[in-house]
Each structure stands twice: as structure tokens, then as C-alpha cells.
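What follows is a short report on a single structure.
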Amino acid sequence: MQQVRYFLSVARTLNFTRAAEDCNVTQPALTRAIKQLEDELGGELIRREGRLSHLTELGNRMLPLLQQCFDAALAAKSIAAKVKKGEVPTLALAVSRSLDLAHLMRSLREMHRSFAGFQLKLRRGTGAQIAAMLKNGDVELAIGGPMGESWDRLENWPMFSEAFDLVVGADHPLAMRNDLDLDVELIRDQRFLVHAGTDIAEFEAERLCAAGVNLDNAHEVDSDRDLEALVIAEFGIAIMPASAMNAARIRHINCSGLDLRRTVAIYSVAGRARSREASALLNLVRSADWSSRLAADTAEHV
């Protein structure tokens, strides 16, 4: 970067003496640095002709690129200084793949309003992946269902509990029934759709198997939007949390015979200092009335 800085100064002044004064170095030191840069780039950058010094063809081509590199380095240094001083509010947050981000938007909007320049680093993952992110320090907080992790430093605060529903397209024959609680017998021969990124542990596979539901030949997708499109097109039916996938062309059907539930919680690592942003989001989430919020969010999306 010093070599680049010296070159940019000479390119601006076209005078080695003035450039050395601007950079607060001796002229021989500046000349040596530029020569080293030329050796690295493989050609002459500045044609030295006393007062008529000027950029070579290579120098003219390198000038905008080296200027961009230098500006980026200055920006990186500035950001690093601000982060060190706590002037850049940043939060790394992991969210379960099966949790609709819409339910967190009120809290995240409040964070955005409260912290000028707030930067959110959002990660998605399965329970096991999120647990690993927390362990490794890749994220400060996580929100989702059971992690399947017994690590004694993993602390959590429950937000809400919910059942898993059958999810079908609005025109599916099962959606036309008036059953308030669908008999599990009616779904045993159905083709299923499974989100590959969602922990099968959340579905409690043993209970599904005991109920006669076989997911071995289920269609697999790794995108919520793809899952929604295939459900609407009646490629199969899905088992999803009650708070997820509440689009207008989707129907949720209660099937208590499956007896599947999960508790969504916010997770942190005990013993680690939290940033002010992590502490703020944790307080917002813990103080929210989640039963009312989920009802309002569901009504808004339907």
C-alpha cells in the first residue's frame, strides 16, 4: 500500500520531489518504492524525464486500478477502526430454515430504527448447523426450534410453542374437506414433500413412522419458495410448522394424530459477552407477546 500511495502521488504531481514531500519521505525512498512496484507489475509505470515525467501506457492502465485498491484499503481501515470503537452496530443472527422471517420483522425493524447504520448478518441453517455456528462464534444469537444439542453452555429462552400442520394447495381434495381435525388414515397414501434443509428431528420421524406416514419416497427441495410452488401444484403434501407457509394459495390442516409440536426459542452461549445489539434483540424478543404477534402475522399473509 505504501508503494501504491507513492505511485498515486507521483501520478498526481508528475514530480518526484513534490510527491516525496507530500508523502513525507525522502525522494530516494520514494523512487525505490516505485521501482519495486514496477518490478512486481513487470513494467515501467512512470517515464522519468525531469520536469517532463509522465505515465507510461502501463502506468495509465494501472492508475485507476491502483487508485481503487488504495481507496478500498482506506475504507477497510476506517471500518476496522469504527468496529473497534463500537461505532458500527453489527449483529450476526442465525435463524432456523423452517421459521418465517416475517415473524421477526417487528423486532428487526426496531433494531434498524434504534441503531444508526445497523448491519445485520443473517444466516440460515438446520438445528445442528445453527448449534455449530453458536459454538464457533460465527453468530451471537440464534432463533429456531430444538437444536438437538446438549452442550451445557447453550442457553435458551422459549418464545412460543406450535403444532406441525399438514400443508396442501388450496385446490387439493384434502383442503375441500370440512374436518376440523383430519384423520391420519387419510394421509397414509399421500405423496409427501420434504424441505431438505429442515431437521427431520423437528418432524420426529419415529412418531410419523408409528402413524403410518412414510417419507422415504418424498420429494425433496431445499427452498421454501420451491416447496410452496410444488404444494400448490399438488406434487404432494408437506408437514410444516403452523406459523410457516401461510400464503393465500396454501391451506393448513390440523392433524392431531401426528402429535407433532416444537418450541421456538432464542439461543445464546452462556459466559460470552454480548454486544449491545445482541442484548437489544434478546430483550425485544423476550418481551414480545408472541401469541398475538403470530396471529397478526398469519392474518396478514393469508
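All figures in this text were calculated on a predicted structure; none of them were measured in a lab.
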S223 side chain to R97 side chain, donor-acceptor N/O pair below 3.5 angstrom
no
Got a sec, which residues hit salt bridge (Lys or Arg N to Asp or Glu O under 4.0 Å) with R188, two or more places apart in sequence or on another chain?
E185
Check: N254 side chain, D181 main-chain N or O, donor-acceptor pair, under 3.5 Å:
no
With sequence neighbours excluded, give me every ring-ring contact (aromatic ring centres under 6.0 Å, His included) pair touching residues 229-280.
H219-F235
Pairs touching residues 274-295 that satisfy ring-ring contact (aromatic ring centres under 6.0 Å, His included), sequence neighbours left out:
F160-W290
With a 6.0 Å cut-off (strictly less than), is the heavy-atom count around CG of D189, excluding the residue itself, greater than 12?
no
How about H112: does its NE2 atom have over 12 heavy atoms from other parts shown lying under 6.0 Å from it?
no
Should R262 and E162 be marked as a salt bridge (Lys or Arg N to Asp or Glu O under 4.0 Å) after you check the CA-CA gap, both sets of side-chain angles, and the distance that decides it?
CA-CA 6 Å; R262 73 167 179 179; E162 62 180 345; 2.9 Å; yes
N/O donor-acceptor pair under 3.5 Å between N24 side chain and E21 backbone:
no
Taking CZ in R18 as the centre, count heavy atoms belonging to other residues, nucleotides or ligands within less than 6.0 Å. Is the count above 12?
no
Working note: E38 + R48, criterion salt bridge (Lys or Arg N to Asp or Glu O under 4.0 Å); need CA distance, chi angles, decisive distance, verdict.
CA-CA 13 Å; E38 289 176 326; R48 298 155 180 81; 3.3 Å; yes
Looking only at atom types and distance, does a side-chain atom of Q129 sit under 3.5 Å from a main-chain N or O of T126, one as donor and one as acceptor?
yes
Does CZ belonging to R113 count more than 12 external heavy atoms closer than 6.0 Å?
yes
Any side-chain donor near an acceptor of the partner, H195 and D222, under 3.5 Å
no
Is it the case that the side chain of N136 and the backbone of D138 share a donor-acceptor pair, with hydrogens and angles ignored and the cut-off at 3.5 Å?
no
Intermediate values then yes/no, salt bridge (Lys or Arg N to Asp or Glu O under 4.0 Å), R106 and E110
CA-CA 6 Å; R106 295 187 194 182; E110 183 61 33; over 6 Å; no
We want to know whether Q27 and T31 form a side-chain donor-acceptor pair, criterion being a heavy-atom distance below 3.5 angstrom.
no
Suppose we screen for salt bridge (Lys or Arg N to Asp or Glu O under 4.0 Å). Which residues come up paired with R249, at least two apart in sequence or across chains?
none
Count the heavy atoms belonging to other residues, nucleotides or ligands that lie under 6.0 Å from CZ of R153, then report whether that count exceeds 12.
yes
Can a donor-acceptor pair be found, under 3.5 Å and without considering hydrogens, that links the side chain of D183 to the backbone of L186?
no
For E155, check salt bridge (Lys or Arg N to Asp or Glu O under 4.0 Å) against everything at least two apart and list the hits.
R274
E234 side chain to G169 main-chain N or O, any donor-acceptor pair under 3.5 Å?
no
May I ask you to decide if R5's main-chain N or O and S9's side chain share a donor-acceptor pair within less than 3.5 Å?
no
Donor-acceptor pair, distance only, cut-off 3.5 Å: does the side chain of R47 make one with the backbone of E44?
no
Pairs in or reaching into residues 23-49: which pass ring-ring contact (aromatic ring centres under 6.0 Å, His included), with residues at least two apart or in two chains?
none
